[in-house]
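Predicted model, so just to flag it, every value in this text is computed and none were measured. Just so you know, residue 1 is the first one in the sequence shown, and it goes up from there. Heavy atoms only: backbone and side chains are in, while hydrogens, waters and symmetry mates are out.
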Amino acid sequence: MTFESFKPEGYGLPPRQRENLKRAYELAQEFARESKGWLVLSGGYGCGKTHLAAAIANYRLEQGEPVLFVVVPDLLDHLRATFSPDSTVAYDERFETVRTAPLLILDDLGTQSSTPWAKEKLYQIINYRYNAQLPTVITTNRPLDEIDARLRSRMSDPDLCQTYRIQARDFRASGGEGDEGQSIISLYADQTFETFDAHRPELPSNEQKNLRRAYTIAKEYAEKPQGWLVFMGMYGCGKTHLAAAIANYLHRQGYPVRFEVVPDLLDHLRATYSPSSPTSYDKRFEAVRHAPFLVLDDLGSQSATPWAREKLYQIFNYRYQAKLPTVITMRESLEEADPWLASRMLDHSLCTLYTILTPPYRGGVVRKGQKRARKR
């Protein structure tokens with residue numbers, strides 16, 4: 001894992017993600033050339049942060065300088081192992097080696113078990129290095145606001161630490177098992193802007209105008225996906241078709257999209273608890289939460305268990321704080337929605353709300369080049 005073997009343009013990334021990944025590459029190179037202060041790289045699974053951290057280590061080793069690269073859960077295991085009567089290394093010796101390393105790289109912070117002992121050891125290491133201003137690289141797939149407050153305060157000090165979030169999707173992603181949110185968009189392939197009927201002559205004029213406005217809002221959002229877009233309305237009014245049309249449009253532009261039907265999403269998350277699951281809960285959950293573009297279809301139709309509410313709040317709150325492009329469809333009004341979620345959707349600086357007034361449509365999808373027969 002070197003700078004030469006890293007692909008700073010990624011694979012099939014849209015322009016903004018490509019620029020974001022290139023900037024991470026440049027920051028890592030700058031740190032490798034002059035290892036001062038701290039560099040914190042965050043991002044989802046497989047986005048390249050560990051490769052860049054390892055490239056820094058390999059570069060410094062080539063310069064003949066010592067580096068300690070350690071995966072955080074493994075580090076804690078190594079420290080625990082020194083308590084064994086058979087250990088050939090004393091705890092103090094190993095702990096001081098880590099704490100005082102000329103350059104320390106802590107990979108995958110946040111994946112360790114958060115026991116009081118583990119939290120204490122990590123705090124001792126990070127606090128010592130913070131006070132001594134020793135060069136340190138940290139990678140994590142967790143948002144900083146989910147990291148222990150004592151560690152976060154040191155990692156957030158702009159005088160010492162540079163933090164950067166990598167937005168690229170998983171380099172290793174292949175659309176295989178556990179990737180339902182990306183593959184499900186194929187089920188909606190025929191729901192595009194071309195197949196949407198925005199001119200239903202049987203509707204009253206106010207409903208026709210309302211539907212055409214929904215179509216225009218969706219098209220404008222697809223051209224420039226920023227913030228949140230929420231479509232509300234009864235079953236069959238066209239809100240899912242418009243959400244899928246946005247996703248299909250972005251997908252054709254090479255933009256990575258996830259389309260999740262909310263009750264199915266919660267089922268997929270529950271399924272990861274099974275010992276036979278091919279995907280871990282963390283990987284599935286983080287893929288949704290960090291998705292560059294996410295459609296959450298049919299919010300409100302899920303079972304309102306405390307667990308379901310908590311998971312949805314975590315997804316909503318993270319995407320709200322990160323201002324990640326998100327489209328939501330729901331049949332209930334905001335007054336009926338969970339207040340935790342509604343409060344985020346009511347922020348008009350981030351979110352566009354639109355209620356589609358048309359009744360359920362039973363005419364099916366219009367194929368491109370095909371006209372509907374009008375009643376005489």
Side-chain angles (χ1 to χ4, degrees), residues 184-185 187-253 257 259-264 293-302 304 312 316 325-339 341-376:
I184 196 174
I185 190 61
L187 301 178
Y188 297 82
D190 60 352
Q191 296 191 15
T192 65
F193 289 117
E194 293 77 16
T195 62
F196 187 82
D197 187 0
H199 304 279
R200 292 170 56 185
E202 78 279 7
L203 297 175
S205 61
N206 66 314
E207 292 182 6
Q208 289 186 40
K209 183 178 179 181
N210 170 269
L211 188 61
R212 288 196 297 271
R213 180 61 184 150
Y215 177 82
T216 300
I217 289 171
K219 284 207 75 172
E220 290 174 350
Y221 184 89
E223 293 287 349
K224 193 175 182 181
Q226 293 181 354
W228 291 14
L229 175 60
V230 179
F231 281 127
M232 295 173 286
M234 64 177 66
Y235 288 118
C237 69
K239 59 187 185 294
T240 294
H241 190 140
L242 288 174
I246 295 169
N248 281 312
Y249 178 89
L250 292 172
H251 184 65
R252 290 198 300 266
Q253 308 302 311
V257 302
F259 191 106
E260 300 279 2
V261 180
V262 173
D264 294 343
F293 173 76
L294 175 66
V295 175
L296 290 172
D297 187 41
D298 229 0
L299 178 69
S301 59
Q302 73 281 354
L312 288 174
F316 267 65
T326 307
V327 174
I328 300 163
T329 76
M330 53 192 298
R331 60 183 173 87
E332 57 190 8
S333 65
L334 286 186
E335 290 77 14
E336 300 172 286
D338 191 312
L341 310 184
S343 66
R344 272 77 185 155
M345 292 187 280
L346 283 169
D347 182 350
H348 298 297
S349 67
L350 175 72
C351 186
T352 299
L353 300 169
Y354 193 81
T355 301
I356 301 177
L357 302 176
T358 55
Y361 180 65
R362 304 298 180 188
V365 172
V366 179
R367 306 297 170 185
K368 192 171 183 180
Q370 180 182 9
K371 294 183 179 180
R372 295 194 184 281
R374 296 190 181 186
K375 291 183 180 180
R376 298 186 182 275

K.L.:
Please check if the side chain of H241 supplies one atom and the backbone of T192 the other of a donor-acceptor pair under 3.5 Å.
P.N.:
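Side chain of H241 to backbone of T192, a donor-acceptor pair under 3.5 Å: yes, one is there.
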
K.L.:
Please report the closest heavy-atom contact between H199 and D197, naming both atoms and the distance.
P.N.:
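Minimum heavy-atom separation between H199 and D197: N-OD1, 3.1 Å.
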
K.L.:
Keeping K239 on the side-chain end and G233 on the backbone end, is there a donor-acceptor pair under 3.5 Å?
P.N.:
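Such a contact is found between K239 side chain and G233 backbone.
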
K.L.:
Considering all heavy atoms of both residues, which atom of T329 and which atom of D298 are nearest to each other, and what is their separation?
P.N.:
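Answer, listing the atom of T329 first, then D298: OG1-N, 2.8 Å.
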
K.L.:
Go through the structure and list residues passing side chain to side chain contact (heavy atoms under 4.5 Å, CB included) with K219, not counting sequence neighbours.
P.N.:
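K219: side chain to side chain contact (heavy atoms under 4.5 Å, CB included) contacts with F193, Y215.
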
K.L.:
Which atom pair, heavy atoms only, marks the closest approach of L203 to P359?
P.N.:
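That would be CD2-CD, 3.8 Å.
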
K.L.:
Which distance, rounded to the nearest 0.5 Å, do you find between the CD1 of I356 and the CD1 of I217?
P.N.:
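Here the interatomic distance stands at 8.5 Å.
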
K.L.:
Indicate yes or no: at least one non-hydrogen side-chain atom of P325 is less than 4.5 angstrom from one of Y221.
P.N.:
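Contact flag for P325/Y221 side chains = yes.
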
K.L.:
So which atom in C351 and which in R344 form the shortest heavy-atom distance, rounded to 0.1 Å?
P.N.:
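That closest heavy-atom pairing would be CB-O, 4.5 Å.
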
K.L.:
Between E260 and V295, is there a side-chain heavy-atom distance shorter than 4.5 Å?
P.N.:
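Sidechains of E260 and V295: no contact.
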
K.L.:
Can any side-chain N or O of N210 pair as donor or acceptor with the backbone N or O of N206 at less than 3.5 Å?
P.N.:
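Side chain of N210 to backbone of N206, a donor-acceptor pair under 3.5 Å: no, none is there.
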
K.L.:
Between the side chains of Y354 and R213, does any donor sit under 3.5 Å from an acceptor?
P.N.:
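Checked: Y354/R213 side chains show no N/O donor-acceptor pair below 3.5 Å.
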
K.L.:
Taking atom types as modelled and ignoring hydrogens, do the side chains of D297 and T240 form a donor-acceptor contact shorter than 3.5 angstrom?
P.N.:
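Side-chain D/A pair, D297 to T240: present.
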
K.L.:
Taking the side chain as every heavy atom from C-beta outward, state whether F316 and I328 have any pair of such atoms under 4.5 Å apart.
P.N.:
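In short, these two side chains touch, coming nearer than 4.5 Å.
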
K.L.:
For the CZ atom of F293 and the OG1 atom of T326, what is their distance to the nearest 0.5 Å?
P.N.:
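Between F293 CZ and T326 OG1, I get 7.5 Å after rounding to 0.5 Å.
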
K.L.:
Rounded to the nearest 0.5 Å, what separation is found between the CE atom of M232 and the CE atom of M330?
P.N.:
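CE of M330 is found 6.5 Å from CE of M232.
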
K.L.:
Quick check against the 3.5 Å criterion: does N248 have a side-chain atom that pairs as donor or acceptor with the backbone of Y188?
P.N.:
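Yes; at least one donor-acceptor contact below 3.5 Å.
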
K.L.:
Using the side-chain contact (heavy atoms from CB on, under 4.5 Å) rule, take T352 and W228 through it: C-alpha gap first, then chi angles, then the decisive distance, then the call.
P.N.:
CA-CA 6 Å; T352 299; W228 291 14; over 6 Å; no

K.L.:
Once rounded to the nearest 0.5 Å, what's the spacing between atom CG of L353 and atom CG of L229?
P.N.:
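Spacing of CG (L353) from CG (L229) equals 8.5 Å.
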
K.L.:
Which pair of non-hydrogen atoms, one from L211 and one from C237, has the smallest distance, and what is that distance?
P.N.:
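Taking L211 first and C237 second, the nearest heavy atoms are CD1-O, 4.1 Å.
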
K.L.:
Donor-acceptor check, side chain of T216 to backbone of R212, threshold 3.5 angstrom: yes or no?
P.N.:
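At least one qualifying donor-acceptor pair exists.
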
K.L.:
For A247 and F259, work out which heavy atoms get closest and say how close.
P.N.:
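So the two residues come closest at CB-CD1, 4.4 Å.
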
